[in-house]
Amino acid sequence: MGSIAKERDAHLQGLVEPDETVLAIGPAGLVTDRRILLAWRLSSPSHVGEWAHDAIGFDEIPAWSEGRQHDERPILRVAHPPHMRMSGRRPHRFLWFRWGRRESPTPYGQTEFRFRGRQDPVYAAMRTHLLQTRAVQGDPFHEELPGTRDDRIGSSKQVLRTR
(Lines give C-alpha, C1' and ligand atoms only; values in the text may rest on other atoms or scores of the structure.)
Protein backbone atom coordinates (compact mmCIF):
# COMPACT_ATOMS: atom_id res chain seq x y z
CA MET A 1 0.00 0.00 0.00
CA GLY A 2 1.39 3.41 -1.00
CA SER A 3 2.02 6.23 1.41
CA ILE A 4 -0.92 8.26 0.04
CA ALA A 5 -3.26 5.31 0.63
CA LYS A 6 -1.91 4.95 4.19
CA GLU A 7 -2.43 8.68 4.81
CA ARG A 8 -5.99 8.50 3.44
CA ASP A 9 -6.82 5.46 5.57
CA ALA A 10 -5.37 7.11 8.69
CA HIS A 11 -7.36 10.27 7.98
CA LEU A 12 -10.58 8.28 7.55
CA GLN A 13 -9.98 6.19 10.68
CA GLY A 14 -9.48 9.42 12.62
CA LEU A 15 -13.04 10.42 11.66
CA VAL A 16 -14.64 7.29 13.10
CA GLU A 17 -16.54 7.99 16.31
CA PRO A 18 -15.93 5.77 19.36
CA ASP A 19 -19.37 4.12 19.18
CA GLU A 20 -19.11 3.29 15.44
CA THR A 21 -18.03 -0.07 14.08
CA VAL A 22 -15.79 -0.11 11.00
CA LEU A 23 -17.09 -2.65 8.48
CA ALA A 24 -14.56 -2.12 5.67
CA ILE A 25 -11.86 0.27 4.46
CA GLY A 26 -10.31 0.65 1.02
CA PRO A 27 -9.62 3.03 -1.87
CA ALA A 28 -13.33 3.87 -2.29
CA GLY A 29 -13.69 4.93 1.35
CA LEU A 30 -14.54 3.61 4.78
CA VAL A 31 -17.87 2.01 5.70
CA THR A 32 -19.15 1.93 9.26
CA ASP A 33 -22.40 0.63 10.66
CA ARG A 34 -23.89 4.17 10.32
CA ARG A 35 -22.22 5.96 7.40
CA ILE A 36 -19.87 6.02 4.44
CA LEU A 37 -16.74 8.15 4.78
CA LEU A 38 -14.71 9.30 1.80
CA ALA A 39 -11.58 11.45 1.58
CA TRP A 40 -9.58 13.13 -1.16
CA ARG A 41 -6.44 15.21 -1.30
CA LEU A 42 -6.61 18.91 -2.12
CA SER A 43 -4.25 20.27 -4.76
CA SER A 44 -4.72 24.04 -4.79
CA PRO A 45 -1.55 25.98 -3.93
CA SER A 46 -2.91 27.18 -0.59
CA HIS A 47 -4.03 23.67 0.46
CA VAL A 48 -1.49 21.30 -1.12
CA GLY A 49 -1.37 17.98 0.71
CA GLU A 50 -4.39 18.67 2.94
CA TRP A 51 -7.18 16.11 3.14
CA ALA A 52 -10.86 16.90 2.68
CA HIS A 53 -13.62 14.46 3.56
CA ASP A 54 -17.35 13.85 3.51
CA ALA A 55 -19.66 11.52 5.39
CA ILE A 56 -22.90 10.13 3.97
CA GLY A 57 -25.18 8.61 6.58
CA PHE A 58 -27.11 5.49 5.57
CA ASP A 59 -30.21 7.10 7.08
CA GLU A 60 -30.02 10.06 4.64
CA ILE A 61 -29.85 7.93 1.47
CA PRO A 62 -33.27 7.85 -0.24
CA ALA A 63 -32.17 5.90 -3.33
CA TRP A 64 -29.25 4.02 -4.81
CA SER A 65 -28.48 1.92 -7.85
CA GLU A 66 -25.94 -0.69 -8.81
CA GLY A 67 -24.20 -0.91 -12.13
CA ARG A 68 -21.23 -2.28 -14.00
CA GLN A 69 -18.42 -0.63 -15.88
CA HIS A 70 -17.57 -1.79 -19.39
CA ASP A 71 -15.18 -4.40 -17.92
CA GLU A 72 -17.79 -5.63 -15.38
CA ARG A 73 -16.27 -3.89 -12.33
CA PRO A 74 -19.06 -2.75 -9.97
CA ILE A 75 -20.34 0.81 -9.45
CA LEU A 76 -22.70 2.05 -6.73
CA ARG A 77 -24.52 5.38 -7.22
CA VAL A 78 -25.92 6.82 -4.02
CA ALA A 79 -28.39 9.73 -3.96
CA HIS A 80 -28.37 11.98 -0.89
CA PRO A 81 -29.24 15.54 0.15
CA PRO A 82 -26.72 18.06 -1.24
CA HIS A 83 -23.34 17.96 0.48
CA MET A 84 -20.81 20.75 -0.04
CA ARG A 85 -17.41 19.35 -1.01
CA MET A 86 -14.17 21.06 -1.90
CA SER A 87 -13.43 20.46 -5.57
CA GLY A 88 -11.06 21.92 -8.11
CA ARG A 89 -12.09 24.73 -10.41
CA ARG A 90 -10.53 25.02 -13.82
CA PRO A 91 -8.09 27.87 -14.26
CA HIS A 92 -8.92 30.77 -16.52
CA ARG A 93 -7.13 30.50 -19.87
CA PHE A 94 -6.21 32.99 -22.50
CA LEU A 95 -3.74 31.94 -25.18
CA TRP A 96 -0.88 30.31 -23.27
CA PHE A 97 -1.61 31.98 -19.93
CA ARG A 98 -3.41 30.20 -17.11
CA TRP A 99 -4.45 31.68 -13.77
CA GLY A 100 -6.96 31.16 -10.99
CA ARG A 101 -6.50 27.48 -10.16
CA ARG A 102 -8.37 27.01 -6.93
CA GLU A 103 -10.68 24.76 -5.00
CA SER A 104 -14.07 25.86 -3.78
CA PRO A 105 -17.17 24.32 -2.21
CA THR A 106 -19.43 22.58 -4.73
CA PRO A 107 -22.80 20.94 -3.95
CA TYR A 108 -23.11 17.21 -4.70
CA GLY A 109 -26.45 15.37 -4.51
CA GLN A 110 -25.17 12.06 -5.83
CA THR A 111 -21.98 10.14 -5.20
CA GLU A 112 -20.60 7.40 -7.39
CA PHE A 113 -18.34 4.71 -5.97
CA ARG A 114 -16.23 2.61 -8.35
CA PHE A 115 -14.64 -0.62 -7.17
CA ARG A 116 -11.87 -2.94 -8.32
CA GLY A 117 -14.08 -6.00 -8.28
CA ARG A 118 -16.99 -7.75 -6.64
CA GLN A 119 -14.70 -9.05 -3.89
CA ASP A 120 -13.79 -5.51 -2.76
CA PRO A 121 -14.63 -5.41 0.97
CA VAL A 122 -15.92 -1.80 0.78
CA TYR A 123 -18.28 -2.75 -2.07
CA ALA A 124 -19.57 -5.79 -0.19
CA ALA A 125 -20.11 -3.87 3.07
CA MET A 126 -21.74 -0.88 1.37
CA ARG A 127 -24.05 -3.02 -0.78
CA THR A 128 -25.06 -5.26 2.12
CA HIS A 129 -25.85 -2.27 4.34
CA LEU A 130 -27.77 -0.47 1.54
CA LEU A 131 -29.93 -3.56 1.03
CA GLN A 132 -30.83 -3.48 4.74
CA THR A 133 -31.95 0.18 4.67
CA ARG A 134 -35.27 1.58 3.48
CA ALA A 135 -33.55 3.26 0.53
CA VAL A 136 -35.12 2.53 -2.85
CA GLN A 137 -32.92 0.50 -5.16
CA GLY A 138 -32.99 1.88 -8.69
CA ASP A 139 -32.68 0.00 -11.93
CA PRO A 140 -29.32 -1.61 -12.69
CA PHE A 141 -27.18 0.08 -15.32
CA HIS A 142 -24.19 -0.75 -17.51
CA GLU A 143 -21.62 1.76 -18.72
CA GLU A 144 -20.27 1.35 -22.21
CA LEU A 145 -17.18 2.88 -23.70
CA PRO A 146 -17.98 5.83 -25.98
CA GLY A 147 -18.08 5.20 -29.72
CA THR A 148 -17.01 2.05 -31.49
CA ARG A 149 -13.71 0.24 -31.19
CA ASP A 150 -12.63 1.72 -34.52
CA ASP A 151 -13.45 5.22 -33.23
CA ARG A 152 -11.32 4.68 -30.13
CA ILE A 153 -8.25 3.31 -31.92
CA GLY A 154 -8.75 5.06 -35.25
CA SER A 155 -5.62 7.23 -35.24
CA SER A 156 -3.43 4.54 -33.70
CA LYS A 157 -3.77 2.22 -36.69
CA GLN A 158 -1.06 2.38 -39.32
CA VAL A 159 -0.28 0.26 -42.30
CA LEU A 160 3.20 -1.19 -42.52
CA ARG A 161 4.44 -1.48 -46.09
CA THR A 162 7.61 -3.28 -46.99
CA ARG A 163 9.48 -3.47 -50.25
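Residue numbers count from 1 along this sequence.
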Is any NZ, NE, NH1 or NH2 atom of the basic residue among Glu144 and Arg68 found under 4.0 Å from an Asp or Glu carboxylate oxygen of the other? no
For the residue pair Pro62 and His80, what are the closest heavy atoms and their distance? CD-CA, 4.1 Å
Where do Arg114 and Glu143 land on the side-chain contact (heavy atoms from CB on, under 4.5 Å) test, with the steps shown first? CA-CA 12 Å; Arg114 293 174 178 265; Glu143 285 188 352; 2.9 Å; yes
Do Glu72 and His142 have side-chain atoms, one donor and one acceptor, less than 3.5 Å apart? yes
Point-to-point distance, once rounded to the nearest 0.5 Å, from CH2 of Trp40 to NE2 of His11: 8.5 Å
Please report the interatomic distance OG(Ser65) to CD(Gln110), rounded to the nearest 0.5 Å. 7.0 Å
For the student: nearest non-hydrogen atoms of Val122 and Asp120, plus distance: N-OD1, 2.9 Å
Salt bridge check: are Arg34 and Asp19 linked by an N-O gap of less than 4.0 Å? yes
Stepwise side-chain contact (heavy atoms from CB on, under 4.5 Å) test for Ile36 and Phe113: CA-CA 11 Å; Ile36 304 164; Phe113 297 93; 3.7 Å; yes
Give a yes or no on whether Phe58 and Trp64 share a hydrophobic cluster (residues Ile, Leu, Val, Met, Phe, Trp, Tyr; joining criterion: side-chain heavy atoms under 4.5 Å apart). yes
Residues 127-140 vs side chain to side chain donor-acceptor pair (under 3.5 Å), sequence neighbours excluded, gives Glu66-Arg127
Glu7 and Arg41 ion-paired at < 4.0 Å: yes
Closest contact, heavy atoms only, Arg116 versus Pro27: NH2-CG, 3.4 Å
Find out if a path of hydrophobic residues (ILVMFWY) with successive side-chain heavy-atom gaps under 4.5 Å connects Val136 to Val78. no
Within a strict 4.5 Å, meaning less than it, do heavy atoms of the Phe115 and Met126 side chains meet? yes
Do Val31 and Ile25 belong together in a cluster built from hydrophobic side chains that touch within less than 4.5 Å? no
What are the two closest heavy atoms between Tyr123 and Gly117, and how far apart are they? CD2-O, 4.2 Å
Do Leu23 and Ile61 belong to the same hydrophobic cluster, where Ile, Leu, Val, Met, Phe, Trp and Tyr are linked whenever their side-chain heavy atoms lie under 4.5 Å apart, directly or via other members? yes
When you look at Arg35 and Glu17, which way does the side-chain contact (heavy atoms from CB on, under 4.5 Å) test go after all the steps? CA-CA 11 Å; Arg35 58 192 180 146; Glu17 295 175 4; 3.9 Å; yes
With a 3.5 Å cut-off and no angle check, do the side chains of Arg85 and Thr111 form a donor-acceptor pair? yes
Please confirm whether the backbone N or O of Ala10 pairs with a side-chain atom of Gln13, one donor and one acceptor, at under 3.5 Å? no
Are Ile56 and Leu30 joined in one hydrophobic group, where the rule is that I, L, V, M, F, W and Y side chains link up if heavy atoms are under 4.5 Å apart? no
A side-chain contact here means heavy atoms from C-beta on lying under 4.5 Å apart; do Leu38 and His53 qualify? no
On the six-membered ring of Phe141, is Arg77 placed so that its NZ or CZ lies under 6.0 angstrom from the centre and within 45° of the ring axis? yes
Under 3.5 Å donor-acceptor, Asp33 side chain and Thr21 backbone: yes
Let me see the working for His83 and Glu60 under side chain to side chain donor-acceptor pair (under 3.5 Å), right down to the final yes or no. CA-CA 11 Å; His83 286 218; Glu60 67 177 324; 3.2 Å; yes
Check Ala135 against Ala63 and note the closest heavy-atom contact, atom names and distance. CB-N, 4.2 Å
